[in-house]
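Have a look at the structure below, then the notes.
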Protein chains: 2
Amino acid sequence: MSPEPVPPEPSRKTPGPPASAPPAPVIVLIEDEPQIRRFLRATLGSHGYRLYEAGAGEDGLVEAASRQPDVVILDLGLPDLDGLQVIRRLREWSTVPIIVLSARGQEGDKVAALDAGADDYVSKPFAVGELLARLRVALRHAAAGDSGSPTFAVGGLRVDQIKRQVQVEGQDVHLTPIEYRLLTLLVRHAGRVVGQRQLLKEVWGPGQTEQTHYLRVYMGTLRRKLEKDPARPRYLLTEPGVGYRLAAE
Amino acid sequence: MSPEPVPPEPSRKTPGPPASAPPAPVIVLIEDEPQIRRFLRATLGSHGYRLYEAGAGEDGLVEAASRQPDVVILDLGLPDLDGLQVIRRLREWSTVPIIVLSARGQEGDKVAALDAGADDYVSKPFAVGELLARLRVALRHAAAGDSGSPTFAVGGLRVDQIKRQVQVEGQDVHLTPIEYRLLTLLVRHAGRVVGQRQLLKEVWGPGQTEQTHYLRVYMGTLRRKLEKDPARPRYLLTEPGVGYRLAAE
DNA sequence: TCTCTGCGTCAAGACGGCATCAAGATCCTT
DNA sequence: AAGGATCTTGATGCCGTCTTGACGCAGAGA
């Protein structure tokens with residue numbers, strides 16, 4: 001196992017054919033302190049990563065959506081948004097690994113960030129070598145599974161999780177909050193069966209995992225809004241006794 | 001996100017199939033200091049985890065192999081084996097998340113452990129809350145399917161346990177819940193014979209281990225759905241008097 | 001050859017899960 | 001405070017799945 005990520009041929013003169021070289025991992029850095037940005041830009045750049053930067057939470061979310069990075073490095077102390085908010089907003093549509101940087105090293109801060117959906121937490125000041133090692137861990141994880149895209153489309157169905165917009169055959173469809181959460185939950189697992197328990201837990205909360213009735217009602221309304229023939233659904237498929245599945249193609 | 005792992009479902013009405021109740025996460029702890037073991041035993045136990053312990057590296061590897069845990073917590077300072085050795089040996093056949101505990105907090109130690117294949121590194125003395133949070137992160141990863149791809153294929157038969165999809169000659173085949181559980185149970189032991197008792201116990205519950213009749217009926221329906229010539233099965237083989245076996249290749 | 005045992009097949013009925021409708025209850029906006 | 005949208009809850013019909021029993025068949029042993 002090489003400790004270095006992707007030694008991009010230390011110094012090739014020719015920008016020529018990137019041929020068989022694996023693509024450089026893409027990282028989005030959300031950090032407002034210019035000093036740290038400069039430092040990480042230099043460090044990560046020299047280790048073969050491609051870096052995109054944002055100085056504020058909102059920008060960072062946009063950047064993460066457009067760049068589809070392999071990893072996001074996030075500073076919790078941002079000027080505009082609460083860092084935890086950034087994590088949660090990101091997790092609404094993406095499973096990209098998030099490494100949190102923070103000047104605060106209190107246990108409570110770490111727990112909050114990790115439970116909000118971060119994958120790792122590094123306190124400032126940090127050791128570069130450790131950060132790089134944790135970055136490699138995150139990349140290993142990212143390589144195992146897809147990081148998810150904020151937009152999804154099958155047939156005539158389009159779901160844009162950034163604009164929070166759903167279309168059928170190009171027509172906007174209005175969904176209620178619960179309908180939307182149910183649909184995006186399925187989108188994030190498109191093609192896979194999602195268990196009734198899991199759906200109930202994530203939409204209605206951990207206390208309602210027995211109310212399978214809710215699912216029937218809401219799958220019904222969703223189908224009426226999204227399917228051409230709700231009785232013979234093309235997108236929202238039932239897996240009897242198990243859960244539901246969103247057709248992937 | 002609930003901070004608690006998996007509230008162990010207070011009380012099911014039917015004593016029947018172990019089916020839908022989410023099982024308590026299983027953890028293997030490899031640690032030689034009795035004091036820390038006692039402490040973690042109490043802490044993890046009270047948070048709903050099922051803990052198995054080992055006091056040395058070799059034992060730990062055996063334990064990890066037999067218990068098939070969701071997470072391994074590993075102390076680097078073991079009497080018999082070098083901690084890094086344990087990580088590497090484990091990684092030879094398993095992708096289970098590994099959280100390293102260590103009294104040494106040097107950067108070099110962390111980098112070495114993480115690059116050897118560990119997923120996280122916590123220095124002693126550690127804060128319980130943080131360890132629990134990092135444990136939840138590891139479990140999230142495990143649940144997301146980072147851990148190896150349980151897809152199985154022989155001949156024209158394909159079983160994708162992530163998508164819960166079964167194909168024969170590229171054609172989707174619909175299986176009922178019991179059929180699917182029976183098949184995946186065989187898949188997990190592909191090539192080896194699985195006893196009738198075990199099949200009955202794991203699919204119908206511990207109370208039905210005498211109803212070998214069920215097996216005949218369901219092996220029949222499975223063969224009709226999966227085999228080209230159900231009377232001369234290629235995949236689902238009978239081991240008379242013992243059990244059934246899924247052809248491995 | 002006969003009998004016993006274990007496996008495979010078929011079919012009928014019981015059972016439970018799913019879809020749908022509709023009526024309260026609740027929340028939010030105006 | 002009124003109105004509308006949304007969520008919850010109950011009732012009902014239907015369909016697929018599971019269970020259960022009966023029977024045929026093959027192989028082993030007497």
query: In whole Å, what is the span from the CG atom of A/Leu215 to the P atom of C/dG17?
result: 13 Å
Contact list for residues 175-189 of chain A, test salt bridge (Lys or Arg N to Asp or Glu O under 4.0 Å), sequence neighbours left out: A/Glu179-A/Lys225
Sequence-aligned protein contact record of nucleotides 3-22 of chain D, with B where the base is within under 4.0 Å of a protein heavy atom and S where only the sugar-phosphate is: ---SBBBBB-----SBBBBB
Closest non-hydrogen atom pair between A/Glu227 and A/Leu236, with its separation: OE2-N, 2.9 Å
message: Categorize B/Thr238 for me: base, sugar-phosphate, or nothing, with a 4.0 angstrom heavy-atom threshold over every strand shown.
response: sugar-phosphate
task: Check every strand shown and say whether A/Gln196 touches a base, only sugar-phosphate, or nothing at a heavy-atom separation below 4.0 Å.
output: sugar-phosphate
query: So, do A/Trp93 and A/Phe152 have ring centers that fall under 6.0 Å from each other?
result: no
task: Whole angstrom is fine here: how far is it from CZ in B/Arg245 over to P in C/dC7?
output: 15 Å
- prompt: Per the end-axis method with five pairs at each terminus, what is the bend angle of the helix from C/dT1-D/dA30 to C/dT30-D/dA1, to 10°?
  reply: 30°
query: Can any side-chain N or O of B/Glu169 pair as donor or acceptor with the backbone N or O of B/Gln171 at less than 3.5 Å?
result: no
message: Measure CG/A/Leu236 against C1'/C/dC18 and give the value in whole Å, please.
response: 15 Å
message: Taking salt bridge (Lys or Arg N to Asp or Glu O under 4.0 Å) as the cut-off, I'd like each qualifying pair that reaches into residues 231-241 of chain B, sequence neighbours left out, listed once.
response: B/Asp229-B/Arg232, B/Glu239-B/Arg245
query: Who pairs with B/Arg192 by side chain to side chain contact (heavy atoms under 4.5 Å, CB included), at least two apart in sequence or on another chain?
result: B/His189
- prompt: Where the side chain of A/Arg158 meets the backbone of A/Asp172, is there a donor-acceptor pair that is under 3.5 Å apart?
  reply: no
Protein-nucleotide distance (A/Arg232, atom CZ; C/dT20, atom P), rounded to Å: 11 Å
- request: Answer yes or no: does a side-chain N or O of B/Arg216 lie under 4.0 Å from OP1 or OP2 of C/dT9?
  value: no
- prompt: A/Glu107 side chain to B/Glu130 main-chain N or O, any donor-acceptor pair under 3.5 Å?
  reply: yes
message: Between P on C/dA19 and CD on A/Glu239, what's the gap in Å once rounded to a whole number?
response: 11 Å
query: Considering residues at least two apart in sequence or located in another chain, which fulfil the side chain to side chain contact (heavy atoms under 4.5 Å, CB included) criterion with A/Thr238?
result: A/Arg223, A/Pro240, A/Tyr244
- line: Between CE of A/Met219 and P of C/dC21 the distance, given in whole Å, is 16 Å
